[in-house]
Participant: 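Have a look at the structure that comes next, please.
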Amino acid sequence: MAARRTPKTSRNPDLIRGVGKYSRSKMYHKRGLWAIKAKHGGVFPRHDPKPQAPAPVEKQPKFYAADDVKKPLANKHKPKPTKLRASITPGTVLILLAGRFMGKRVVFLKQLPSGLLLVTGPFKINGVPLRRVNQAYVIATSTKVDISGVNVDKFDDKYFAKKVEKKKKKGEGEFFEAEKEDKKALPDEKKDDQKAVDVALLKSIEGVPDLKAYLAARFSLKAGMKPHELVF
């Protein structure tokens, strides 16, 4: 059984409501306040106030919203680096399965910190420039290209980032006029980088018979072909 709690009793019980049995001076001695005051040189000890929580920056609304506003939960998940498939190694020829260059064969150069694959055609053979590809949309083949002479240290995710430009507000007259937007020209620096990669790759590709024609040909399925039985 749980122990019974003893009811709290006041040191100065009321004779009638609002009138205590002992006077104020009597309770001063009864509570021992005189001893506490004498111990601290005739002054009651003072304690520093507790530090208050900082006031919220945003002012709370005066009224509650009619609909429940869902607060986003704190996400403590730390993204893990993307694991590269065992069949994809530097120099592997890949087949693109989606995007603008679907069906093209490209050479894998390296994996970027974001997990995307850095590939190229080369551009001079099949028109595929240096670009990033998700490994979920490629087929790895058994064909390899020697890329030991290709320097890809300068290529990272920032290299492919696009500059964000603020949109200008159109006036009333310009709103109804059809403006032809000029296509942004590729910087000369990126053109030189593409040429440098292509030159190093072409030396390795031309040394293997029929490899140049293999990279230039587009992959496609024809009638009667069974994809699950193909060996790449």
Participant: Going through the distances and angles, do Thr141 and Tyr214 end up as a side chain to side chain contact (heavy atoms under 4.5 Å, CB included)?
Facilitator: CA-CA 12 Å; Thr141 66; Tyr214 173 73; 3.8 Å; yes

Participant: Distance check, rounded to the nearest 0.5 Å: Asp188 atom CG versus Lys195 atom NZ?
Facilitator: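 Here the rounded value is 8.5 Å.
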
Participant: Please report the shortest heavy-atom distance between Phe101 and Arg218, naming the atom on each side.
Facilitator: C-NH1, 4.4 Å

Participant: Considering non-hydrogen atoms only, spot the tightest contact between Lys144 and Thr89 and give its length.
Facilitator: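 Looks like NZ-OG1, 2.5 Å.
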
Participant: Return the minimal non-hydrogen interatomic distance between Leu94 and Phe108, and the atom names on each side.
Facilitator: CD1-CB, 3.8 Å

Participant: Under 3.5 Å, is there a donor-acceptor pair between the Gln194 and Thr120 side chains?
Facilitator: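 Yes, Thr120 and Gln194 have a side-chain donor paired with an acceptor closer than 3.5 Å.
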
Participant: Quick one: do Ile147 and Val107 satisfy side chain to side chain contact (heavy atoms under 4.5 Å, CB included)? Show the steps, please.
Facilitator: CA-CA 9 Å; Ile147 62 168; Val107 180; 4.1 Å; yes

Participant: Linking I/L/V/M/F/W/Y whenever any side-chain heavy atoms sit under 4.5 Å apart, do Ile95 and Leu221 land together?
Facilitator: yes

Participant: Do Leu112 and Val197 land in one hydrophobic cluster if side-chain heavy atoms of ILVMFWY residues count as linked below 4.5 Å?
Facilitator: yes

Participant: So which heavy atom on Gly121 is nearest to which on Asn126, and how close?
Facilitator: CA-OD1, 3.0 Å

Participant: Quick check: are there more than 12 heavy atoms from other residues, nucleotides or ligands sitting under 6.0 Å from OH of Tyr28?
Facilitator: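 Atom OH in Tyr28 is packed in, count exceeds 12.
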
Participant: Could you walk me through whether Val138 and Leu97 satisfy the side chain to side chain contact (heavy atoms under 4.5 Å, CB included) test, starting with their C-alpha distance in whole Å, then the side-chain angles of each, then the deciding distance to 0.1 Å, before giving a yes or no?
Facilitator: CA-CA 6 Å; Val138 300; Leu97 300 178; 5.7 Å; no

Participant: With a 6.0 Å cut-off (strictly less than), is the heavy-atom count around CZ of Phe123, excluding the residue itself, greater than 12?
Facilitator: no

Participant: Does Phe160 have Arg131 sitting over its ring (NZ/CZ under 6.0 Å from centre, angle to axis within 45°)?
Facilitator: no

Participant: Tell me if the NZ atom of Lys124 is crowded by more than 12 foreign heavy atoms within 6.0 Å.
Facilitator: no

Participant: Between Asp146 and Ser148, do the side chains contain a donor N or O and an acceptor N or O under 3.5 Å apart?
Facilitator: yes

Participant: Check for a donor-acceptor pair, side chain of Gln135 on one end and backbone N or O of Leu117 on the other, with a separation under 3.5 Å.
Facilitator: no

Participant: Checking Lys154 against Tyr159: charged group under 6.0 Å from the ring centre and within 45 degrees of the axis?
Facilitator: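 Verdict for Tyr159: no cation-pi partner in Lys154.
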
Participant: Can you tell me if Arg105 uses its side chain to pair, donor with acceptor, with the backbone of Ala216 under 3.5 Å?
Facilitator: no

Participant: Which heavy atom of Gln111 sits nearest to which heavy atom of Leu84, and what is that distance?
Facilitator: OE1-CB, 3.6 Å

Participant: Provide the closest heavy-atom pair for Asp157 versus Pro113 in the form atom of the first, atom of the second, distance.
Facilitator: OD2-CD, 3.6 Å

Participant: Can you tell me how far the NZ atom of Lys110 sits from the CZ atom of Phe155, to the nearest 0.5 Å?
Facilitator: 8.5 Å

Participant: When you look at NZ of Lys203, are more than 12 heavy atoms from neighbouring residues, nucleotides or ligands closer to it than 6.0 Å?
Facilitator: no

Participant: Can you tell me how far CE of Met102 sits from CG of Leu96, rounded to the nearest 0.5 angstrom?
Facilitator: 10.0 Å

Participant: Is it the case that one hydrophobic cluster holds both Leu130 and Val145, taking links as side-chain heavy atoms less than 4.5 Å apart, direct or via other members?
Facilitator: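 In one cluster: yes.
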
Participant: Give the C-alpha distance, both sets of side-chain angles, the deciding distance and a yes or no for salt bridge (charged side-chain N to carboxylate O under 4.0 Å, His left out) between Asp14 and Lys21.
Facilitator: CA-CA 6 Å; Asp14 290 341; Lys21 183 178 180 180; over 6 Å; no

Participant: Does a sphere of radius 6.0 Å around CG in Asp192 hold more than 12 heavy atoms from other residues, nucleotides or ligands, not counting ones at 6.0 Å or beyond?
Facilitator: yes

Participant: Would a distance-only check, ignoring hydrogens and angles, find a side-chain to backbone donor-acceptor pair under 3.5 Å from Arg132 to Asp156?
Facilitator: no

Participant: Can you measure from OG (Ser220) to CE (Met225) and round to the nearest 0.5 angstrom?
Facilitator: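 Rounded to the nearest 0.5 Å, the OG-CE separation comes to 7.0 Å.
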
Participant: Any link between Val106 and Val133 through a network of hydrophobic side chains (Ile, Leu, Val, Met, Phe, Trp, Tyr) touching at under 4.5 Å?
Facilitator: yes

Participant: Tell me whether Thr143 contacts the main-chain N or O of Val93 through its side chain, where contact means a donor paired with an acceptor under 3.5 Å.
Facilitator: no

Participant: In this structure, would Leu202 and Val150 fall into the same cluster of hydrophobic residues linked by side-chain contacts under 4.5 Å?
Facilitator: yes

Participant: So, taking the atom named CG in Leu109 and the one named CG in Leu118, what distance separates them when rounded to the nearest 0.5 Å?
Facilitator: 4.5 Å

